[in-house]
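In what follows, a structure is listed as structure tokens, so that the remarks can point back to it.
Chain letters run A, B, ... following the sequence lines, proteins first, then strands; residues in each count from 1. Atoms considered below: every heavy atom in the structure, side chains included; atoms not considered: hydrogens, waters and symmetry mates.
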Number of protein chains: 2
Amino acid sequence: MTRIVRVGAAQMGPIQREHTREQVVERLISLLHRGADERCDLVVYPELALTTFFPRWFVDDITTADHWYETSMPNVATQPLFDEAKRLGIGFCLGYALMEGGHRWNVQTLVERDGTIVGTFKKVHIPGHEEHEPDRPFQHAERYYLEPSPDGFGVWEAFGGRVGMMICNDRRWPESYREMGLQGVELILCGYNTPLHYAPDPSQDPLQGFHNSLVMQSGAYQNGTFVVGVAKGGVEEGVPSLCESRIIAPSGEVLAAAETDGDELIAADCDLDWCRQYTGTLFDFDRYRRPEVYTRITSQRGVHIPGAT
Amino acid sequence: MTRIVRVGAAQMGPIQREHTREQVVERLISLLHRGADERCDLVVYPELALTTFFPRWFVDDITTADHWYETSMPNVATQPLFDEAKRLGIGFCLGYALMEGGHRWNVQTLVERDGTIVGTFKKVHIPGHEEHEPDRPFQHAERYYLEPSPDGFGVWEAFGGRVGMMICNDRRWPESYREMGLQGVELILCGYNTPLHYAPDPSQDPLQGFHNSLVMQSGAYQNGTFVVGVAKGGVEEGVPSLCESRIIAPSGEVLAAAETDGDELIAADCDLDWCRQYTGTLFDFDRYRRPEVYTRITSQRGVHIPGAT
């Protein structure tokens, strides 16, 4: 039995502040149709795919930003996407901000080909800052607007395999991939919004594309899993942001790469049995891992310099 | 105060079975002199730098292989290297097999510029197999000949910074870098012997160079540390092995790369203060890590598929 999942990475160009949910959902459906043309089983959208990246602005009263969050999924604005995907028999993964029981989350929802919701993942590693930092050319106040997930990384049975999710900054942390690898993940879906300018250390600016690909390729290889990285990029509200969406094999090789900085669908056949060539050999965790000497990874958060007081 | 350490990666071509320790030490001293010409503070030699990669042969009586192990360091054969390094004021890191109290280890010893031994690291992740596998074109019986370290990864104050070590297969495991990163490592020294042919999955053969660089570059970036990867390569006893030694910056960028498959010294200035541009910003572990949701990493060795019995 073949386990080939044809995956489309639906990269998006910018969503400006004045764009409505309805306008954005039209773009999502247009990308879905490109996915249908490509015979995709699954189309993956970016992080915060329904709105602009609103943490770039600080507001003193956070409730004035509530309109950036969804309060249910599907909802009136996104129902046409759910309907059209079900009609076409294509699953999808959608990133958005969710307000739920007084909590504010950065989430991705995975939907199967028959329209059922598989699961909703909450972002674990929230980057940026908590307070207004007026010296920055733009804010990255994700830690003000969005809570870190208390749940960590899960893996869901879907699309004939085991699917995990992560969001943006999660991809820079090897623990993200490993937590999913230890649950047998075969396909990781990751949306991102990554400004090209990193205010705390601008020497990293020209390396954004390199770092993006480096962490996803190594995470794929070291856990024997496909990784699908999908950007919302281009110049959004004056902020140039990384595109360079990628579909990466368990070998770490890039199978498909976006070439534009706008709405673009790239696709690849992901043969989930390829994973075993890594997880069954070099990365047979049960045979080769040494958790008894990894204790610092869970017993401490920050750096402890030996001998320092 | 500048904290620039000039590091030389002393790649070696093959060591054949009939080469004596004395012949090899002559080559090590020759590489040390190239390091002196390059004004190096520290010269890093490969894994098993005193002998051929003997785990490629299986012997039923392991004691007949005892001659591949050192029983003390320095010893008669290596004393000239220690003497010459001290005379030149150059530190070094040397990989070899060590027999100690009935244990067989794969180790690296780090020596300061004044000749004092800083520490000896034992390899943590032993790859390959335990039993004779006669169907392979050559054996990789490291798990027969060498015990995994019970000690894990340490970091030593040396060369004006915090230095860690790992050996060969350790570099493929993100936990290796992270354990050292959590101790504030700034410079990781890694020797390797990597056959180009991987019998359990030959589809990986053409990717050996890519994987080698991928894991070291991502490990450097994700922990904000320099990584020095040093090969013994070329065709050793008929087995083609990877060269491609590298000195990698905390940005993940390759600062120096070997171009030959023989004895070759490459060098780079490693400004240890560069590490802070990563460990003080994006990878400020204390601010951004989430160990409370990494629990699988230490609580289980192998894959546990959720819901599976």
Counting heavy-atom pairs under 4.5 Å with chain B, which one of [options] comes out on top?
options: A/H211, A/R162, A/H304; answer: A/H211
options: A/G219, A/S176, A/P127, A/S149; answer: A/S149
options: A/E292, A/Q217, A/R287; answer: A/R287
options: A/G152, A/S218, A/G181; answer: A/S218

Please report the shortest heavy-atom distance between B/I305 and A/G184, naming the atom on each side. CG1-CA, 4.5 Å

B/W173 and A/Y288 aromatic ring geometry - parallel, tilted or perpendicular at 30°/60° bounds: tilted

Exam field: side chain [X] to backbone [Y], donor-acceptor pair closer than 3.5 Å:
X: A/Q277; Y: B/S203; value: no
X: B/R178; Y: A/E175; value: no
X: B/Y198; Y: A/L282; value: yes
X: A/R289; Y: B/I297; value: yes

Proximal component of [X], with respect to chain A [non-hydrogen, under 4.5 Å]:
X: B/I126; value: backbone
X: B/H129; value: both
X: B/L207; value: side chain

Is A/Y294 in contact with chain B via its backbone, its side chain, both, or neither, using a 4.5 Å heavy-atom distance? both

Cut-off 4.5 Å, heavy atoms of chain B, and the answer for A/F283 is both

Kindly determine whether A/V124 and B/V293 satisfy side-chain contact (heavy atoms from CB on, under 4.5 Å), including the steps that lead there. CA-CA 8 Å; A/V124 169; B/V293 296; 3.7 Å; yes

Side-chain heavy atoms of [X] within contact of [Y], under 4.5 Å:
X: A/R172; Y: B/Y221; result: yes
X: A/P291; Y: B/Q300; result: no
X: A/F153; Y: B/R296; result: no
X: B/L214; Y: A/Q222; result: no

Any donor-acceptor N or O pair under 3.5 Å, side chains B/T298, A/T295: no

Tell me which of these, B/Q183, B/R301, B/R290, has more heavy-atom pairs under 4.5 Å with chain A than the rest. B/R301

Specify which of B/V155, B/N169, B/T281, B/L182 makes the most heavy-atom pairs with chain A at under 4.5 Å. B/L182

Among residues 245-256 of chain A, which ones touch chain B with a heavy-atom distance under 4.5 Å? A/S251, A/G252, A/E253

